[in-house]
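Below, read A as the first sequence line, B as the second, and so on, with proteins coming before strands; counting in each chain starts at 1. Basis for what follows: all heavy atoms, side chains included, without hydrogens, waters or symmetry-related copies.
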2 protein chains.
Amino acid sequence: MDSPDNAKTALVARIAEIFREFGYEGASLSRITEGTGLGKGSLYHFFPAGKTEMAAEVLLHIDRWFSRRIFQPLEQADALTGFDDMWRAVDDYFLAGRRICLVGAFAVDSTRDRFAAAINGYFTRWIQALQQALRHAGLNSAEAAALAEDVVAGIQGALILARALDDTDFFTRNLQRLRQRLELALVRQ
Amino acid sequence: MDSPDNAKTALVARIAEIFREFGYEGASLSRITEGTGLGKGSLYHFFPAGKTEMAAEVLLHIDRWFSRRIFQPLEQADALTGFDDMWRAVDDYFLAGRRICLVGAFAVDSTRDRFAAAINGYFTRWIQALQQALRHAGLNSAEAAALAEDVVAGIQGALILARALDDTDFFTRNLQRLRQRLELALVRQ
DNA sequence: GTCTATAAAGCGATAGAC
DNA sequence: GTCTATCGCTTTATAGAC
């Protein structure tokens with residue numbers, strides 16, 4: 001429970017929330033110090049390369065979560081339950097639109113250049129896993145590709161707008177419509 | 001041509017690109033100095049309140065552009081050409097996905113709190129103008145509201161993913177699909 | 001209107017005591 | 001493993017010459 005590994009994982013999760021709130025540039029070490037309760041010395045003990053290493057580990061942590069809860073369920077060809085898993089995970093993770101997608105946030109400005117591989121890999125895998133699951137569910141390749149892109153982009157857009165409008169309902173109902181579109185496509189073929 | 005007003009407008013446009021590239025926190029005064037060719041003294045002459053005032057004027061500049069090219073055409077009830085105007089303006093403005101939406105970028109992190117009214121107003125007006133145009137084109141209120149949200153959120157998502165994947169084609173084809181969905185809805189009713 | 005010089009604060013990062 | 005103190009640099013912002 002309190003193994004060194006778990007302690008560091010919890011620390012990474014805490015730092016992730018600070019990056020979410022302030023962005024990469026806005027998340028200063030003093031804010032991270034304040035938000036984690038750890039002094040700079042402790043932070044550099046865990047992350048010798050400093051802020052860059054913190055962000056890299058945060059992205060790794062996010063990728064592992066999505067792998068387990070979204071990518072792998074979708075990639076298991078035989079499991080039609082993958083879609084249900086994805087919608088549940090998306091709702092769990094983004095807290096009905098109160099939480100942004102940090103990978104998307106990093107993609108927007110020059111922070112992307114530092115973490116281009118992780119950012120590209122996250123979205124590429126999500127879209128490909130979803131597309132593959134849709135093909136296995138019977139859609140042809142073009143339909144599956146288009147719908148997978150629509151869904152992943154639609155989630156990102158809904159997250160931005162929920163925050164811009166300060167309206168979590170926006171996220172909830174847009175996610176609901178995306179889900180209905182996907183399920184309609186599955187029924188139709 | 002070189003009136004003081006036009007000179008400042010050109011300056012604001014230049015500063016906007018620097019905010020786009022580095023985000024609000026990442027756009028330091030030295031980067032703005034470098035990108036505009038103006039010293040700090042000159043910048044504070046134009047924007048006495050500093051970076052906050054620069055960003056506020058940038059948001060105003062963006063809002064004026066969208067008002068003229070997108071919101072007003074959509075709000076003119078009799079003009080079905082409003083949709084064409086919007087798609088053309090979106091393509092012009094975002095340079096086929098090479099340019100991000102600064103309003104959306106500001107919405108993501110704590111920068112939003114500084115400019116909440118401008119950010120909320122921009123998206124609210126876009127969605128409402130589009131919804132109103134769709135209703136005037138014959139859609140019922142619920143369909144128009146849903147489609148307007150899908151389109152605006154879809155554009156934001158496509159911009160994020162085009163940058164994340166470093167793939168402008170992603171934006172172009174997703175925008176194309178959004179347009180087809182809208183036109184299909186118009187034909188169907 | 002633009003510049004240089006400079007102030008005061010905050011930044012990421014390091015050193016070293018404990 | 002955590003802390004305090006501190007370094008060197010950059011930040012936003014101001015002052016004042018031209």
Could you tell me if A:Arg112 sits above the aromatic ring of A:Phe106, with its cationic atom closer than 6.0 Å to the ring centre and no more than 45 degrees from the axis? no

Pi-cation contact, B:Phe22 with B:Arg31 (under 6.0 Å, within 45°): yes

Using a strict 4.0 Å threshold on nitrogen-to-oxygen distance, state whether A:Arg135 and A:Glu143 make a salt bridge. no

Between D:dT6 atom P and A:Leu29 atom CG, what is the distance in whole Å? 19 Å

In whole angstrom, what separates B:Phe47's CZ from D:dT14's P? 15 Å

Name the nucleic acid region contacted by B:Gly41, choosing base, sugar-phosphate or nothing; use a 4.0 angstrom heavy-atom cut-off, strictly under. base

Between atom CG in A:Leu43 and atom P in D:dC3, what is the gap in whole Å? 9 Å

Please work out whether the ring planes of B:Phe66 and B:Phe94 are parallel, tilted or perpendicular, with thresholds of 30° and 60°. tilted

Rounded off to whole Å, could you give me the CD1-to-P distance for the B:Ile18 and D:dT12 pair? 12 Å

OP1 or OP2 of C:dC11 under 4.0 Å from side-chain N/O of A:Ser28: yes

Length of the CG-P vector between A:Leu38 and D:dC3, whole Å: 6 Å

Would you call the rings of B:Trp126 and B:Phe123 parallel, tilted or perpendicular, where under 30° means parallel and over 60° means perpendicular? parallel

Tell me which one of B:Asp91, B:Asp63, B:Asp92, B:Asp85 satisfies salt bridge (Lys or Arg N to Asp or Glu O under 4.0 Å) with B:Arg69. B:Asp92

For B:Phe19, does the six-membered ring have the charged nitrogen or CZ of B:Lys51 within the cation-pi criterion, i.e. under 6.0 angstrom from the centroid and within 45° of the normal? no

Euclidean distance, atom CD of residue B:Glu34 to atom P of C:dC3 [Å, nearest integer]: 14 Å

Figure out the NZ/P separation between B:Lys8 and C:dG1, and round it to whole Å. 10 Å

Using five base pairs at each end, measure the axis-to-axis angle across the helix from C:dG1-D:dC18 to C:dC18-D:dG1 and round it to 10 degrees. 0°

Verify the contact: side-chain N or O of B:His45 to OP1 or OP2 of C:dT2, cut-off strictly under 4.0 Å; return yes or no. no

Would you mind classifying the nucleic acid contact of A:Lys40 as base, sugar-phosphate or nothing, using non-hydrogen atoms under 4.0 angstrom? base

A:Tyr44 OH - C:dC11 P separation (whole Å): 12 Å

